[in-house]
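Report on the following structure.
Chain letters run A, B, ... following the sequence lines, proteins first and then strands; every chain starts at 1. Treat the numbers as computed from the prediction; the structure is a model and nothing was measured.
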There are 2 protein chains.
Amino acid sequence: MSLRYALLALLNVEPMTGYDLHKVFESSVGHVWYAPDSQIYPELRKMEAQGLVRGEDIPWGKKATKRRYHITPAGSGEFEAWMNSPLEYSRVRDPAHLRAAYLEYAAPESARAQLKAHIEHHETLLRQWNQKILEIDTDTSTMLTRRLATLPADQRQRSRAFKRFAYEGLIARAEAEIAWANSGLRLLDDLPPEA
Amino acid sequence: MSLRYALLALLNVEPMTGYDLHKVFESSVGHVWYAPDSQIYPELRKMEAQGLVRGEDIPWGKKATKRRYHITPAGSGEFEAWMNSPLEYSRVRDPAHLRAAYLEYAAPESARAQLKAHIEHHETLLRQWNQKILEIDTDTSTMLTRRLATLPADQRQRSRAFKRFAYEGLIARAEAEIAWANSGLRLLDDLPPEA
DNA sequence: CACAAATACCTATGGACATAGTTAGTGGGT
DNA sequence: ACCCACTAACTATGTCCATAGGTATTTGTG
C-alpha cells in the first residue's frame with residue numbers, strides 16, 4: 001500500500017512520467033522503498049482513475065508522446081491524510097534471523113560465510129546511505145534540491161532535517177546488523193567444534 | 001519462500017499437525033517468521049506432493065482424524081541445503097523510514113504520536129524477545145526443550161547459543177529503532193515551529 | 001548515417017500474503 | 001442435555017510483488 005504514497009510524495013515535488021519515477025525509485029526513494037516499473041505504470045493509471053493524479057500527454061520528439069503525471073488536490077489530501085495516520089506494523093518476517101536461529105544446521109564454514117555476507121551487504125548499504133547524507137548536507141541531491149526550491153526559506157531546514165533523520169535511522173540499523181553479525185563470528189570462534 | 005524452511009525446521013524436531021504448526025507460529029517461530037494457517041495448510045500439502053514431508057491420518061476422538069506430518073530424508077536434505085546456501089537479500093521496503101523521510105508533511109503532534117507509537121511497538125517486541133531469551137536460559141521454552149532432548153549433550157550448548165544469538169540480534173535492532181525514534185522526538189523539540 | 005544506448009511504456013505469469021470467511025468434531029463444565 | 005471454547009482443516013478473494021519478457025521511439029556517438 002505504501003507504493004502509492006511514495007509516488008505521491010515524489011509527485012508533490014514536480015510532475016513526472018512513469019519512467020522518471022522509476023528512475024528515482026532506483027536511486028533516492030529506492031533506498032527506503034523499491035518498486036519496479038512494472039508496478040509503477042499500472043499504479044499510476046489506477047491512481048489517475050481515482051483522481052489522485054492527472055496525466056497529460058506531452059510531445060516527445062516528432063511522433064511520440066509521453067505521459068506526465070501531476071498530483072491533484074485530492075492526491076495531496078490523500079497523502080497528507082496518510083502522513084497523519086498511524087503507521088501499521090506488519091508482522092515480523094525476517095529471513096536472516098530465521099536462519100540465525102537454526103544456524104546449528106549449517107556447516108561452520110558456511111555459517112561463517114553467511115555472516116560475512118551479512119556484514120558486506122549492510123556495509124554496502126551503509127556506504128550508499130552515508131553518501132546520501134553527504135548529498136543532503138552539500139545540496140547535491142537532485143530531488144531534494146528541487147524539493148527545497150519549492151519551499152519558503154524557513155521550511156528548508158525542517159525538510160532537510162527529516163531527510164537526514166530517515167537516513168540516520170537506516171544507518172543505525174545497518175550498524176546494528178554489522179555488530180550483530182560480528183558477534184556471531186566471534187560465537188563461531190568460541191564454540192567448541194562439532195563432535 | 002522461507003515459510004517452507006520454517007516449517008521444515010519445526011518438523012525436524014518432531015511430527016506435527018498443521019494446527020500445531022500454526023500455534024507454534026503464533027508463539028516461538030512467529031517472532032522471526034509469521035504465517036497464517038491459511039498459508040500453512042496448502043504449503044504442507046504442496047510439500048507432501050514434493051516428497052519433503054509425509055502426512056499420516058491419526059485418530060482423534062471417536063469419528064475424527066487429524067493429519068500429522070513428519071519430515072522425510074528428502075525434506076531434511078532440502079532444509080540443510082537451504083541452510084548452507086547464501087541468503088538472498090530482498091530490496092528495502094520500509095514504511096517507517098519512508099514516512100520519516102517525509103515527516104515534514106505530518107502535523108507536528110501527529111509526528112510526535114507516530115514516533116511514540118514506534119517506540120511502544122518496539123518496546124513490546126523487546127519485552128517478548130527478552131522473555132524468549134529468559135526461556136532459552138531457563139529451559140522453559142517447549143519447542144527448544146524438545147529440540148534439545150533430541151540432541152547429544154555436546155551439541156546442546158551449540159543449539160542454545162544460536163537461538164540466543166538470533167534473539168540478541170532482534171533485540172539489538174529493536175533498541176536501535178527506539179533510540180532512533182527518541183532522537184526524532186528530540187528533533188521535533190529542537191526544530192523551530194512551522195511558520 | 002548507422003547503431004547503440006537511453007527513454008517510455010506495456011503485458012503476462014506466478015508466488016506470497018492478508019483477510020475473511022466456513023465446516024465439523026472434541027472435551028469440559030453446568 | 002446443552003453450551004462453548006478449542007481443535008482441526010479448508011476455501012476464496014484480492015493485493016502486492018518478482019520476474020521476465022515485449023515494442024517503439026529518440027538521442028547521442030562515432
* Structure fact -> Only residue of A:R147, A:R160, A:R158 satisfying salt bridge (Lys or Arg N to Asp or Glu O under 4.0 Å) with B:E104 is A:R147
* To do: By nearest nucleotide on DNA chain D, pick out whichever of A:Y34 and A:G61 is the more 5' one.
  => A:Y34
* **Rounded distance (Å) that lies between atom P of D:dC17 and atom CZ of A:R93** => 13 Å
* Can you find a side chain N or O atom of A:K62 that sits less than 4.0 Å from OP1 or OP2 on D:dT27? -> no
* To do: Establish whether B:I178 and B:L185 are linked, either directly or via other cluster members, by ILVMFWY side-chain heavy-atom contacts under 4.5 Å.
  => yes
* To do: Would you mind reading off the distance between A:E43 atom CD and D:dC17 atom P, rounded to a whole angstrom?
  => 9 Å
* To do: To the nearest Å, give me how far apart NZ (B:K66) and C1' (D:dC10) are.
  => 17 Å
* Within a strict 4.5 Å, meaning less than it, do heavy atoms of the B:H97 and A:W33 side chains meet? -> no
* More 5' along DNA chain D: A:S2 or B:R68, using each one's nearest nucleotide? -> B:R68
* Structure fact -> Out of D:dT25, D:dA8, D:dT11, minimum distance to the side chain of B:S38 belongs to D:dT11
* To do: Calculate the interatomic distance between B:Q39 atom CD and D:dC17 atom C1'; express it in whole Å.
  => 14 Å
* To do: Using a strict 4.0 Å threshold on nitrogen-to-oxygen distance, state whether A:D189 and A:R112 make a salt bridge.
  => yes
* Please name the pair of heavy atoms, one in A:A149 and one in A:R156, separated by the smallest distance, quoted to 0.1 Å. => O-NH2, 4.3 Å
* Rounded to the nearest Å, what distance is computed from the CZ atom of residue B:R91 to the P atom of nucleotide D:dT19? -> 7 Å
* **Spacing between A:D37 atom CG and D:dG22 atom P, to the nearest angstrom** => 15 Å
* Given DNA chain C, 5'-ward residue of the pair A:P42 and A:W60, judged by closest heavy atom -> A:W60
* Asked: Is A:R45 touching bases, backbone alone, or none of the nucleic acid, heavy atoms closer than 4.0 Å?
  -> sugar-phosphate
* Atom-pair distance (OH on A:Y19; P on D:dT27), nearest Å -> 13 Å
* To do: Under 4.0 Å from any heavy atom of chain B: name the first and the last nucleotide of DNA chain C that qualifies, 5' to 3'.
  => C:dA16 to C:dT26
* Asked: Between A:F165 and B:W180, how do the two ring planes meet: parallel, tilted or perpendicular, split at 30° and 60°?
  -> parallel
* Would you say the side-chain atoms of A:N84 pair up with the backbone N or O of B:A107, donor to acceptor, closer than 3.5 Å? -> yes
* Length of the line joining A:F25:CZ and D:dC17:P, which is rounded to integer Å -> 10 Å
